[in-house]
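Notes to accompany the following structure.
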Amino acid sequence: MSSIRTLAAALEEALEDLKDYDLRKFCGRLRGRPAGPKIPRSRLEDKSPVEVADAMVSAFTEQEAVRVAVEVLAGMGCKDEARNLETAAGQISPASGSAGSAQDPHFVDKNHLELINRVTCVEPVLDELLHRGVIQQECYDTIRSLRPRQAQMRELFSGPLTAGRGAKDIFYEILQKQQKPLVDDLNGV
């Protein structure tokens, strides 16, 4: 792999290195994953490596898209490609203003109590989490039925946001859009 500046570019290059058959197999395995957001078949079928990478980054975060790609590549026997992608991604420094590097405590973990007490409108956050596949309909309905909003946030923290860094990254992105003043305040901006 050449000198790459972003995780999305590393993912694109890794997918470009696959033969057509392996790319189709990758897309099939990606769609068949039991966990996480589902990417519509129309965004993967007969698409170029760049389009597949774009669909993955849209459905996940860049970091999560790379992690999922490594998992799928390794699962289909493309261990060298998975290792190369992992190596390339490891050489890319995290973007400034992100939720944190893999070694740092995540923004969501660092600000757990503040988020429970200060997120003012939980329903739009839940809507986006449902849309992005972080939570399922049953979880969505359960959390929406709780009162007050702090109870909704506590339930969110005790369930879906324990699923891993990818769920927290998506939650952070949603907060940046919907609760920007709060996120800026907590980031000291």
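Just the heavy atoms: all of them, side chains too, but no hydrogens, waters or symmetry mates, feed the values below.
With respect to the salt-bridge test (charged N to carboxylate O, under 4.0 angstrom), the residues Lys19 and Asp22 do not qualify. Salt-bridge formation is detected for the pair Lys180/Asp184: a Lys NZ or Arg NE/NH1/NH2 atom is positioned less than 4.0 Å from an Asp or Glu carboxylate oxygen. Remark: Asp54 engages Arg43 in a salt bridge, criterion side-chain N to carboxylate O under 4.0 Å.
Residue Asp17 holds its CG atom at 7.5 Å from CG of Asn84, rounded to the nearest 0.5 Å. Interatomic distance, Asp20 CG to Lys25 NZ, rounded to the nearest 0.5 Å: 14.5 Å. Atom CG of Leu30 is separated from atom CE of Met76 by 10.5 Å, given to the nearest 0.5 angstrom. Separating the CG atom in Leu175 from the CD1 atom in Ile170 is a distance of 12.0 Å, to the nearest 0.5 Å.
Contact of the Asp169 side chain with the Phe60 side chain is not registered, since no non-hydrogen atoms from C-beta on lie closer than 4.5 Å. Within the 4.5 Å cutoff, side-chain heavy atoms of Leu182 are placed close to those of Leu115. Contact of the Leu44 side chain with the Phe26 side chain is not registered, since no non-hydrogen atoms from C-beta on lie closer than 4.5 Å. The side-chain heavy atoms of Phe171 and Phe107, taken from C-beta on, include no pair separated by under 4.5 Å. No side-chain heavy atom of Pro49 sits less than 4.5 Å from a side-chain heavy atom of Glu12. By the 4.5 Å heavy-atom criterion applied to side chains, Val52 and Leu11 are not counted as neighbours.
Between the side chain of Glu155 and the main chain of Ile143, no donor-acceptor pair closer than 3.5 Å is present. Arg147 contributes a side-chain N or O that, together with a main-chain N or O of Arg144, makes up a donor-acceptor pair within less than 3.5 Å. Put simply, the side chain of Glu51 gets close to the backbone of Ser48: a donor and an acceptor are under 3.5 Å apart. Side chain of Arg149 to main chain of Cys121: no donor-acceptor pair is present (N/O by atom type, distance under 3.5 Å, no hydrogens or angles). No donor-acceptor distance shorter than 3.5 angstrom exists from the side chain of Asp109 to the backbone of Pro105, with no hydrogens or angles considered.
For the residue pair Ala167 and Leu161, the shortest heavy atom distance occurs at O-CD2, 3.9 Å. In terms of heavy atoms, Arg118 sits closest to Gln179 at O-OE1, 4.3 Å. Contact record, Ile39 with Arg31: O-NH1, 2.6 Å, taken as the closest heavy-atom pair. The two residues Arg154 and Ile116 have their closest heavy-atom pair at CG-CD1, 3.8 Å.
A continuous path of ILVMFWY side-chain contacts below 4.5 Å connects Leu23 to Val68, so both sit in one hydrophobic cluster. Val50 and Leu73 are members of different hydrophobic clusters when ILVMFWY side chains are connected at heavy-atom separations under 4.5 Å. At a threshold of 4.5 Å between side-chain heavy atoms, the hydrophobic network of Ile, Leu, Val, Met, Phe, Trp and Tyr places Val119 and Leu146 in two separate groups.
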Cut-off 3.5 Å, no hydrogens considered: what does the side-chain donor-acceptor table look like for residues 127-135, sequence neighbours left out?
{"from": "Asp127", "atom 1": "OD1", "to": "Tyr140", "atom 2": "OH", "distance (Å)": "2.5"}
{"from": "Arg132", "atom 1": "NH1", "to": "Glu173", "atom 2": "OE1", "distance (Å)": "3.4"}
{"from": "Arg132", "atom 1": "NH2", "to": "Glu173", "atom 2": "OE1", "distance (Å)": "3.0"}

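Under a cut-off of 6.0 angstrom, the local environment of CG in Asn117 is crowded, with over 12 non-hydrogen atoms contributed by other residues, nucleotides or ligands. Heavy atoms from other residues, nucleotides or ligands lying under 6.0 Å from CD of Glu138 number 12 at most. Within 6.0 Å of CZ on Arg41 lie no more than 12 heavy atoms contributed by other residues, nucleotides or ligands.
Sorted by first and then second residue, the pairs that involve residues 56-71 and meet salt bridge (Lys or Arg N to Asp or Glu O under 4.0 Å), not counting sequence neighbours, are Arg33-Glu71, Glu64-Arg67, Arg67-Glu71.
The aromatic rings of Tyr172 and His106 sit perpendicular, their planes meeting at an angle over 60°, well past the 30° parallel limit.
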